[in-house]
Peer 1: 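Shown below is the structure under consideration.
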Amino acid sequence: MDNLAIARVLGEIADLLEIKAENPFRIRAYRNAADAVAHAPERIETLDVSALRKLPGIGKDIAAKIRELVETGRMQHHQELLAEFPASLLDLLRLQGVGPKTAALLYQSLHISTIEELEEAARSGRLRTLRGMGAKKEELILKALEERRQHGGRHLLARARDLAAVLIAHLQPLAPGAEFVPVGSLRRGAETCGDLDILAIGGERALIRAFTANPLAERVLGEGDTKGSVLLRGGYQADLRLVPRESRGAALQYFTGSKAHNIALRDRAIGRGYKLNEYGLFDLATGQSVAGESEEGIYEALGLAWIPPELRENRGEIEAAEAGTLPRLIARADLRGDLHCHTTATDGRDTIEAMAAAARAAGLSYLAIADHSQSLTMVGGLDEAAALDHAARVRAVNARMEGIEVLAAIECDIRPDGSLDLAAECLAQLDLVVASVHSALDMDREQMTSRVLRALASPSVDVLAHPTSRLLLRRAPSALDLDAVIDAAAREGVALEINSLADRLDLGDVNARLAHSRGVALVIDSDAHGQAGFEALADGVTVARRAWLEAGDVLNTLPFDEFRRRLRRHRS
DNA sequence: GCCGTTTTCGGCCCGACTGTTTTCAGTCG
């Protein structure tokens, strides 16, 4: 049973307790525990009660319940709650505007427990007969149902960033003096974003109207004095918040989150006799403002170093900020090379020269051309002879190009049985081998793990690319014992990739941090299929920052000669 | 249900907006 499955059970308990209108602090305890489990780097099912209790937010009771779930596959408390309310009732909570109180009301008075029943009741006008609900609320629920059909809810980081840029470009000319900053999960660099939050610092009330009337907005969800909220075409919710300049830091801090980070920070504020909100840090006794103009000032007043937004997940950053042990996070400018890109030889759009020139223009000093191997017939994958011909062309380009080292590499498929797609003699003649899985992704855990482990054991392999094969919002990570893969990579000296493609970002932050903690070298690759593809490296760097990595933890920040010496094939 | 630099009991983050109310409950982030 993986961490997310355990976290889901704890989260469902929290939801069900909320519908029951139980003690809110007990509900929060379950939510905190679910969060701790979901983001724990170690495999929860392998931990005993005392190890579980070391996790923040997990105490005696929940630790015992987790063990019960892992050992028996069920949790009695969870089952009892599900006997009171059908599991389908939980789906209603995901609808915009429907919370636990409404769900309870719907269930108890109209016996509604599924999305379909809710829709039928709304269409037939029965919802408005309930106390506290009117025609307007009924309309709202119908709209929420429609939106649910259209969009799953979350969106890729890269897409969110682009949309935010469009919105800001629309607003900036209307308020030349105001400063617009995207906050929330976008500023934290989370791999997917649920909605867009934008601050307008020093903006006027009229901006709210301009925002809700912007050409991308499909529907206005709310409009007040300090906040406007719209649904954009394509299913994004976007919020604009007006913030006075004197609260700039407090607002940035507050709206950047994460929620868990903010709760921990406000808790710390209270412990020191302060109150922290989006307007500033205030002395509880006198009401006097202590800080608020800058984020640095707020963290400083709480006895903390400023914490980079990527780390604000309450995963140890507050303790590190207090102890002065925050990492010096890697930056895009630290990257000197890229080990994974494609050309017209397979599914890339540009030539070797064009890709090398684009990489050089992107500030890189070495680039590995890693086109596909033969099993990917769809894209014209290279067999041994073609791979060596291609390598000769790459080396010819390298010989005549200034300012960048171009390496002859391959992205070699790992076949279902774990063997490599090209003969070892061929792979040995290349400068670098990136291995990856592209087919037979639905293997069971045992098969997939031994497949990847066998590939890692091959001396030809230098890098394992996009290790879990996940596609964000589309395809779950393959069943893989990542623990075993990480240990093997550490043992064999194979680097694990953080792939920068918007829908991969694989490894993700939690697993990259875990791999680093076990002594695995990481690389950040673009997987570019065209000249513009190197821009994505910034997103790979964001993942690395969220994984607490410093420049020295990432192999392709090294100068070329040093990098070359560190490759598995050049070590004995 | 968790947790401890006042505490093993008594706390537990905070405010805006909406709809259905006529002073507030529910939802959201």
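Here is how names work: the chains are called A, B, and so on, in the same order as the sequence lines, proteins then strands, and each is numbered from 1. Owing to the predicted nature of the structure, the values given are computational and were not obtained by experimental measurement.
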Peer 1: Calculate the interatomic distance between A:Leu10 atom CG and B:dC2 atom P; express it in whole Å.
Peer 2: 10 Å

Peer 1: Once you apply the 3.5 Å cut-off to both distances, tell me the Watson-Crick or G-U wobble partner of B:dG11, or none.
Peer 2: B:dC2

Peer 1: Below 4.0 angstrom, N of the basic side chain to O of the carboxylate: do A:Asp553 and A:Arg513 qualify?
Peer 2: no

Peer 1: What I want to find out is whether A:Glu68 reaches A:Arg74 closely enough, with some N-O distance under 4.0 Å, to be called a salt bridge.
Peer 2: no

Peer 1: For nucleotides 4-6 of chain B, tabulate all protein N/O to nucleotide N/O atom pairs closer than 3.5 Å, reporting atom names and distance.
Peer 2:
none

Peer 1: Just the atom pairs and distances: protein N or O near nucleotides 14-20 of chain B's N or O, under 3.5 Å.
Peer 2:
from	atom 1	to	atom 2	distance (Å)
B:dC14	O2	A:Tyr254	OH	3.2
B:dG15	OP1	A:Lys275	NZ	3.2
B:dG15	OP1	A:Asn277	ND2	3.3
B:dA16	OP1	A:Tyr279	OH	3.0
B:dA16	O3'	A:Thr226	OG1	3.3
B:dC17	OP1	A:Asp225	N	3.3
B:dC17	OP1	A:Thr226	N	3.1
B:dC17	OP1	A:Thr226	OG1	3.2
B:dC17	OP1	A:Lys227	N	3.3
B:dT18	OP1	A:Glu223	N	2.7
B:dT20	OP1	A:Gly134	N	2.6

Peer 1: So how far is it from A:Leu240 CG to A:Asn214 CG, rounded to the nearest 0.5 Å?
Peer 2: 9.5 Å

Peer 1: State which residue, out of A:Glu295, A:Glu296, A:Glu293, A:Glu179, fulfils the salt bridge (Lys or Arg N to Asp or Glu O under 4.0 Å) condition with A:Arg248.
Peer 2: A:Glu179

Peer 1: Tell me, please, which residues at least two apart from A:Thr129 pass side chain to side chain contact (heavy atoms under 4.5 Å, CB included).
Peer 2: none

Peer 1: Side-chain N or O of A:Gln237 less than 4.0 angstrom from OP1 or OP2 on B:dG29?
Peer 2: yes

Peer 1: Do the side-chain N and O atoms of A:His261 and A:Glu317 include a donor-acceptor pair separated by under 3.5 angstrom?
Peer 2: yes

Peer 1: Considering only heavy atoms, which members of residues 14-27 of chain A lie under 4.0 Å from some atom of DNA chain B?
Peer 2: A:Asn23, A:Phe25, A:Arg26

Peer 1: Between A:Asp539 and A:Arg161, does any side-chain N to carboxylate O distance fall below 4.0 Å?
Peer 2: yes

Peer 1: Taking ring-ring contact (aromatic ring centres under 6.0 Å, His included) as the test, write out the residues that go with A:His78, two or more places apart.
Peer 2: none

Peer 1: So A:Ser229, base contact, sugar-phosphate only, or nothing? Heavy-atom distance under 4.0 Å.
Peer 2: nothing

Peer 1: Please state how far atom CG in A:Leu186 lies from atom P in B:dG29, giving the value in whole angstrom units.
Peer 2: 16 Å

Peer 1: Ignoring hydrogens and angles, tell me if any N or O in the side chain of A:Ser185 forms a donor-acceptor pair with the backbone of A:Ala190 under 3.5 Å.
Peer 2: no

Peer 1: CG of A:Asp267 versus P of B:dT7: gap in Å, rounded?
Peer 2: 17 Å

Peer 1: Expressed in angstrom and rounded to an integer, what is the separation of A:Lys54 atom NZ from B:dC2 atom C1'?
Peer 2: 17 Å

Peer 1: Rounded to the nearest Å, what distance is computed from the CG atom of residue A:Asp195 to the C1' atom of nucleotide B:dT27?
Peer 2: 14 Å

Peer 1: Passes side chain to side chain contact (heavy atoms under 4.5 Å, CB included), A:Phe180 versus A:Leu207? Steps please.
Peer 2: CA-CA 11 Å; A:Phe180 294 90; A:Leu207 268 180; 3.8 Å; yes

Peer 1: When rounded to the nearest Å, what value does the distance between C1' atoms of B:dT7 and B:dC2 take?
Peer 2: 14 Å

Peer 1: For DNA chain B, find the residues of residues 58-67 of chain A with a heavy-atom distance under 4.0 Å and give them by number; none if there aren't any.
Peer 2: A:Ile58, A:Gly59, A:Lys60, A:Asp61, A:Ile62, A:Lys65

Peer 1: Verify whether the ring centers belonging to A:Tyr274 and A:Phe282 lie closer than 6.0 Å.
Peer 2: no

Peer 1: Please give, in whole Å, the distance from B:dC2 P to A:Asn314 CG?
Peer 2: 17 Å

Peer 1: Between A:Leu311 and A:Leu329, does the side chain to side chain contact (heavy atoms under 4.5 Å, CB included) criterion hold? Intermediate values first, please.
Peer 2: CA-CA 10 Å; A:Leu311 300 187; A:Leu329 295 179; 4.0 Å; yes

Peer 1: How many Å lie between CG on A:Leu130 and P on B:dG26, as a whole number?
Peer 2: 13 Å

Peer 1: Output the rounded distance in Å from CG (A:Asn32) to P (B:dC3).
Peer 2: 9 Å

